[in-house]
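What follows is a set of notes on a single structure, which appears directly below.
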Amino acid sequence: VMVVAGPGTGKTQILTLRIANILLKSQVNPENILALTFSDSAARQMRGRLVNIIGTPAYRVEITTFHSFANYIIQGFPEEFENLLSASNISEVEQIEYIEKILKTNEFELIKPFGDPVYYVKKLLDSINDLKKEGISVKQFEQALGESLKDWEAIPDLYHDKGRYKGEMKGKYADLKKDIDKAFELLKVYELYEESLRQGRKYDFNDMLIE
C-alpha cells in the first residue's frame, strides 16, 4: 500500500491506523512491524497515536527514522558493510567542523571570502550532500567538470571580435567560467571531506543510505 498525499492531509494517521488494524485483526506480532519516517518528531507522533489506539503493545512496534534504522543495521551487522567497518556515523555538527577545517587549511579563491572564510560552509555541505544523494562520487564529479570545461573552451565566440570590448571575454561566458571554477573548488572540498571521513573512520547519513 502506498499513500501519496501532501503535508497535513493525514498520512501519519492512515499509516498508524493501518498498523493498529494489522495488530488487532491478524496474528502478526508488534515486533514484526517496521515503520520508517523522515524525522524523530514524526516517529514520536506515530507511536503516541498508536499507544492511544492499542495501548502498551505499541511500544514493541519498531517505529524509527531511516537514519536510525540504517545505523542500527550497519552497527548490528558490520561484516556486511566492508566500506564502513569499524567506522561510526558523523553528526551534522561534525560535518560542519570538517568543512570549516578544510577551508581554513587550504587555499581557495572563490569559496573562501577574505572577510569571512567559512561563509560558504553550509552551502558546500548541502552541495556535497546533494551529490551523494545522486550517487555522484568524487571521480564522477571530476569527470563531469572536465567535460564542462572542454565544452566551455570549445565555445566559438568567447571573445568580442569588434567594438570597444574587442579581445575581451563576453560577460555571459566569463560568468559561466566563474561557475565552473567555483565547482572545481567544490570538487576539492568534496575530495578532502571524503578523505577526512576515511581518516576519522566516519560515515555520514548519505553513506549510510547508499551502503
Side-chain angles (χ1 to χ4, degrees), residues 36-40 64-155 158 169 171-211:
L36 297 176
T37 74
F38 281 104
S39 67
D40 290 322
T64 185
T65 62
F66 288 96
H67 181 283
S68 296
F69 183 67
N71 197 44
Y72 165 76
I73 293 294
I74 289 167
Q75 295 297 330
F77 305 92
E79 68 281 358
E80 300 294 333
F81 303 94
E82 294 182 2
N83 293 334
L84 307 181
L85 204 59
S86 76
S88 59
N89 63 308
I90 190 173
S91 68
E92 186 175 1
V93 172
E94 289 175 300
Q95 286 182 288
I96 290 171
E97 290 173 349
Y98 276 27
I99 302 296
E100 285 183 346
K101 184 177 179 181
I102 289 168
L103 288 174
K104 290 177 179 178
T105 56
N106 292 274
E107 293 298 321
F108 297 98
E109 291 185 16
L110 300 172
I111 59 172
K112 186 179 178 180
F114 179 75
D116 187 357
V118 295
Y119 178 79
Y120 286 109
V121 166
K122 190 65 170 65
K123 288 185 178 180
L124 287 166
L125 183 56
D126 288 344
S127 296
I128 290 172
N129 284 332
D130 287 341
L131 287 165
K132 286 193 169 190
K133 286 174 186 175
E134 295 297 328
I136 300 173
S137 66
V138 170
K139 187 175 182 179
Q140 290 171 322
F141 189 38
E142 183 177 15
Q143 291 173 341
L145 289 180
E147 292 299 319
S148 294
L149 183 58
K150 285 181 182 178
D151 290 342
W152 179 84
E153 291 171 342
I155 295 173
L158 275 175
M169 187 179 296
K172 61 181 179 180
Y173 297 136
D175 291 341
L176 179 58
K177 181 59 164 59
K178 186 175 180 179
D179 288 341
I180 293 173
D181 290 341
K182 189 177 287 187
F184 269 105
E185 292 195 352
L186 168 61
L187 169 65
K188 183 178 179 181
V189 174
Y190 187 11
E191 185 175 20
L192 292 171
Y193 170 76
E194 292 291 89
E195 181 60 31
S196 297
L197 288 180
R198 285 192 292 271
Q199 290 180 355
R201 299 305 302 152
K202 295 283 188 177
Y203 55 82
D204 62 25
F205 177 60
N206 291 299
D207 292 328
M208 278 197 290
L209 297 186
I210 290 168
E211 289 295 323

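The analysis underlying the following values was restricted to heavy atoms, covering all of them including side chains, and did not include hydrogens, waters or symmetry mates. This chain uses plain numbering: 1 for the first residue, then up along the sequence.
Heavy-atom minimum distance, L209 versus A70: CD2-CB, 4.4 Å. The two residues Y120 and L110 have their closest heavy-atom pair at CE1-O, 3.8 Å. The two residues F81 and E211 make their nearest non-hydrogen contact at CE2-O, 3.6 Å. Shown here for G200 and Y98, the closest heavy-atom pair between the two residues is CA-OH, 4.2 Å. Among all heavy-atom pairs drawn from S196 and I102, the shortest one is OG-CD1, 4.3 Å. Looking at every heavy atom in both residues, L36 comes nearest to T65 through CD2-O, 3.9 Å.
Rounding to the nearest 0.5 Å places CG of N129 at 9.5 Å from OH of Y190. Rounding to the nearest 0.5 Å gives a distance of 12.0 Å between CD of Q75 and CZ of F77.
Listed by first and then second residue, the salt bridge (charged side-chain N to carboxylate O under 4.0 Å, His left out) pairs that reach into residues 123-132 are K122-D126, K132-E194, K132-D204, K132-D207, sequence neighbours excluded. Residue pairs meeting the ring pair (Phe, Tyr, Trp, His ring centres under 6.0 Å) criterion with at least one member in residues 192-211, sequence neighbours excluded: H67-F205. Residue pairs satisfying the salt bridge (charged side-chain N to carboxylate O under 4.0 Å, His left out) criterion with at least one member in residues 177-186, sequence neighbours excluded, are listed as follows: K177-D181. Residue pairs satisfying the salt bridge (charged side-chain N to carboxylate O under 4.0 Å, His left out) criterion with at least one member in residues 94-118, sequence neighbours excluded, are listed as follows: E94-K202.
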> Yes or no on side chain to side chain contact (heavy atoms under 4.5 Å, CB included) for I128 and F141, after CA distance, side-chain angles and deciding distance?
Replying inline: CA-CA 10 Å; I128 290 172; F141 189 38; over 6 Å; no
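Counting heavy atoms of neighbouring residues, nucleotides and ligands inside a 6.0 Å radius, atom CD of E153 exceeds 12 of them. Within a 6.0 Å radius of OH in Y72, no more than 12 heavy atoms belonging to other residues, nucleotides or ligands are found. The neighbour count for Y173 OH, taken as heavy atoms of other residues, nucleotides or ligands under 6.0 Å away, is above 12.
The ring pair (Phe, Tyr, Trp, His ring centres under 6.0 Å) test applied to F114 returns no partner, not counting sequence neighbours. Under the side chain to side chain contact (heavy atoms under 4.5 Å, CB included) criterion, S127 pairs with L186, not counting sequence neighbours.
Ion pairing between a basic and an acidic side chain is recognised when a charged N comes within 4.0 Å of a carboxylate O; R198 and E195 show such pairing.
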